[in-house]
Asks: 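Take this structure first; my questions come after.
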Number of protein chains: 2
Amino acid sequence: MEVFLKSVAALNDETRVLILRFLDEYGECCVCDMQNSLNMIQSRLSRHLKILKEAGFIRVERKGTWAYYSIRSPLDKFRSESIKEITYLEIELPELKKISETRECKI
Amino acid sequence: MEVFLKSVAALNDETRVLILRFLDEYGECCVCDMQNSLNMIQSRLSRHLKILKEAGFIRVERKGTWAYYSIRSPLDKFRSESIKEITYLEIELPELKKISETRECKI
DNA sequence: TCATTAAATCAACATATATTGATATTATAA
DNA sequence: TTATAATATCAATATATGTTGATTTAATGA
C-alpha cells in the first residue's frame with residue numbers, strides 16, 4: 001500500500017507529470033537545463049525531482065556539480081503504464097534548451 | 001491532463017484504495033453495507049464514493065432509498081491497470097456484512 | 001401528509017502539500 | 001584555501017484535502 005500510494009502521490013501533480021513527460025521525450029537531462037526549458041525556479045524543480053525519484057520514477061547520476069536525471073529503467077508495470085498514459089495526454093511540451101553543454105549555465 | 005489528474009487524485013488516498021478493493025472483491029454493494037463492513041461513518045464514506053465516481057472508477061444505481069455502488073465497466077486501460085495493481089497489494093479486506101438484505105439497516 | 005430511513009451535503013477544523021526566497025551543501029577550478 | 005556554480009534543503013506561507021458532526025434531501029410507507 002505504502003509504495004503504491006507513494007507512486008500515486010508522485011503522479012498527483014501537474015508539474016511532476018510535465019517533468020515525467022519531458023524526461024520521457026528528451027531523455028537524460030540536467031537540472032539547469034530543465035530549469036531553463038520548463039521555466040521553473042530551482043527549489044521548486046528540485047523538490048519535484050526528489051519526489052519523483054523517491055517514488056521510483058526517475059534516477060539521478062551526478063557528474064561533477066551537475067545532476068543528470070532520467071526516467072528509471074526498467075519500470076514496473078504500473079509505473080510504465082502511467083508514463084504511457086501521460087504520453088497520450090498530448091501535453092504541450094516546451095523545447096529542450098541545452099545550455100549545460102555550452103558551459104554557460106550560471107542560472 | 002485534467003481527467004488524468006482526477007483519476008490519480010482519486011487513487012491518492014488509502015481509504016479510497018480500500019473502497020475500490022472492496023468493491024472489486026465483493027461486487028455491487030450499498031452504502032450502508034459498506035459503512036458496516038468498512039467501519040466508516042456515513043459522511044466520510046459518501047465523500048469518498050463521490051470522488052471515486054467523479055473520477056470514473058465506480059458507478060451508482062439507486063434502488064429506492066438505497067444507492068448501490070460498483071466498479072464501472074468497462075474501464076479504460078489506466079484505470080483497470082490501477083485496479084489490478086491494487087489487487088496485488090494484498091490489502092487486508094474486512095468481511096462483507098450484508099445487513100441491507102435483512103431490512104434492518106437503521107445505521 | 002407525516003414519520004422514518006438511506007444517502008448527500010455542509011461547516012468547522014486539522015493535516016498535507018505546493019510555492020517562494022533564503023540558506024546550506026557539494027564539487028570544481030583558480 | 002577560497003571563490004564560484006549547481007543543486008539540495010529549509011522556513012514561511014498559501015492552498016488543497018480529509019475527518020467529523022450537523023443538516024438537508026429523497027424515497028418509502030403508515
Side-chain angles (χ1 to χ4, degrees), chain A residues 1-2 5-19 23 28-55 58-70 97-107, chain B residues 1-2 5-19 23 28-55 58-70 97-107:
Chain A
M1 175 71 98
E2 211 176 304
L5 282 179
K6 203 161 196 174
S7 293
V8 168
L11 293 173
N12 189 30
D13 182 274
E14 189 162 359
T15 301
R16 289 191 291 269
V17 169
L18 177 60
I19 292 172
L23 287 175
E28 192 177 66
C29 201
C30 86
V31 176
C32 61
D33 286 341
M34 284 193 264
Q35 269 178 258
N36 250 273
S37 307
L38 296 170
N39 201 31
M40 287 181 201
I41 67 172
Q42 190 264 323
S43 62
R44 182 184 174 203
L45 185 55
S46 190
R47 175 182 204 272
H48 290 302
L49 289 170
K50 185 182 183 183
I51 290 170
L52 286 169
K53 179 161 69 83
E54 293 187 342
I58 62 178
R59 68 188 196 95
V60 207
E61 192 182 346
R62 279 226 158 232
K63 292 175 186 172
T65 51
W66 283 271
Y68 285 83
Y69 285 86
S70 54
K97 297 174 187 165
K98 274 266 181 194
I99 42 164
S100 62
E101 288 181 347
T102 70
R103 283 274 175 181
E104 288 170 0
C105 260
K106 289 173 195 165
I107 297 213
Chain B
M1 174 70 98
E2 212 176 303
L5 282 179
K6 203 161 195 173
S7 293
V8 167
L11 293 173
N12 189 30
D13 180 274
E14 188 161 0
T15 301
R16 290 192 290 271
V17 170
L18 177 59
I19 292 172
L23 287 175
E28 192 178 63
C29 203
C30 87
V31 177
C32 61
D33 286 339
M34 284 193 265
Q35 270 177 259
N36 249 272
S37 306
L38 296 170
N39 202 30
M40 287 182 201
I41 69 172
Q42 190 265 322
S43 63
R44 182 183 173 204
L45 185 55
S46 190
R47 174 181 206 273
H48 290 303
L49 289 170
K50 184 183 184 183
I51 291 169
L52 287 170
K53 179 162 69 83
E54 293 186 343
I58 63 177
R59 68 189 196 92
V60 208
E61 191 181 347
R62 278 225 157 231
K63 294 177 184 169
T65 50
W66 283 272
Y68 285 82
Y69 285 87
S70 54
K97 297 175 187 164
K98 274 265 182 194
I99 41 164
S100 62
E101 291 182 346
T102 71
R103 284 274 176 177
E104 289 170 1
C105 260
K106 291 173 194 166
I107 297 209

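As the structure is a computational prediction, the values presented were derived from the model and not from experiment. Each chain gets a letter, A, B and so on, in the order its sequence line appears, and its residues count up from 1.
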Asks: How many Å lie between CD on A:Glu61 and P on D:dT7, as a whole number?
Replies: 14 Å
Asks: D:dT17, OP1 or OP2 - any side-chain N/O from B:His48 closer than 4.0 Å?
Replies: no
Asks: For A:Glu14, what residues pass the salt bridge (charged side-chain N to carboxylate O under 4.0 Å, His left out) criterion, not counting sequence neighbours?
Replies: none
Asks: Less than 4.0 angstrom between a side-chain N/O of B:Ser46 and OP1 or OP2 of C:dA8, yes or no?
Replies: yes
Asks: Are the side chain of A:Ser46 and the backbone N or O of A:Gln42 linked by a donor-acceptor pair below 3.5 Å?
Replies: no
Asks: For C:dA8 and B:Lys50 - does any side-chain N or O of the residue sit under 4.0 Å from the phosphate oxygens OP1/OP2?
Replies: no
Asks: Are B:Arg47 and B:Arg16 packed together at the side-chain level, in the sense that at least one heavy-atom pair is separated by less than 4.5 angstrom?
Replies: yes
Asks: For residues B:Arg59 and B:Glu28, determine if any side-chain heavy atom of one lies less than 4.5 Å from a side-chain heavy atom of the other.
Replies: yes
Asks: D:dG18 P sits how many Å from B:Gln42 CD, rounded?
Replies: 17 Å
Asks: For the pair made of CG in A:Leu49 and C1' in D:dT9, what is the distance, rounded to whole Å?
Replies: 14 Å
Asks: Indicate yes or no: at least one non-hydrogen side-chain atom of B:Leu45 is less than 4.5 angstrom from one of B:Ile19.
Replies: yes
Asks: Return the 5'-most residue of the pair B:Gly64, B:Ile41 with respect to DNA chain D, ranking by each residue's nearest nucleotide.
Replies: B:Ile41
Asks: Starting at CH2 of A:Trp66 and ending at P of C:dA27, how long is that distance when rounded to a whole Å?
Replies: 14 Å
Asks: Take atom CD of A:Gln35 and atom C1' of D:dA8, then tell me their distance rounded to the nearest Å.
Replies: 12 Å
Asks: Write down the distance between NZ (B:Lys53) and C1' (C:dT9), rounded to a whole number of angstrom.
Replies: 13 Å
Asks: Does any residue of residues 9-19 of chain B have a heavy atom under 4.0 Å from DNA chain D, and if so, which ones, in number order?
Replies: B:Asp13, B:Thr15, B:Arg16
Asks: Is there a side-chain contact between A:Tyr69 and the phosphate of D:dA6, meaning an N or O under 4.0 Å from OP1 or OP2?
Replies: no
Asks: To the nearest Å, how far apart are B:Met34 CE and C:dA8 P?
Replies: 9 Å
Asks: Determine the contact category for B:Arg47: base if any of its heavy atoms lies under 4.0 Å from a base atom, sugar-phosphate if only primed atoms, P, OP1 or OP2 are that close, otherwise nothing.
Replies: base
Asks: Cation-pi between A:Lys63 and A:Tyr68: NZ/CZ under 6.0 Å from ring centre and within 45° of the ring axis?
Replies: yes
Asks: Using whole Å, report how far CE of B:Met40 lies from P of C:dA7.
Replies: 15 Å
Asks: Considering heavy-atom distances to DNA chain C, does A:Ser43 or B:Arg44 have its closest nucleotide positioned more toward the 5' end?
Replies: B:Arg44
Asks: Find out whether A:Leu18 and A:Met40 are in side-chain contact, i.e. whether some heavy atom of one side chain is under 4.5 Å from a heavy atom of the other.
Replies: yes
Asks: If you compare every side-chain N and O of A:Tyr68 against the phosphate oxygens of D:dA6 (OP1, OP2), does one of them come in below 4.0 Å?
Replies: no
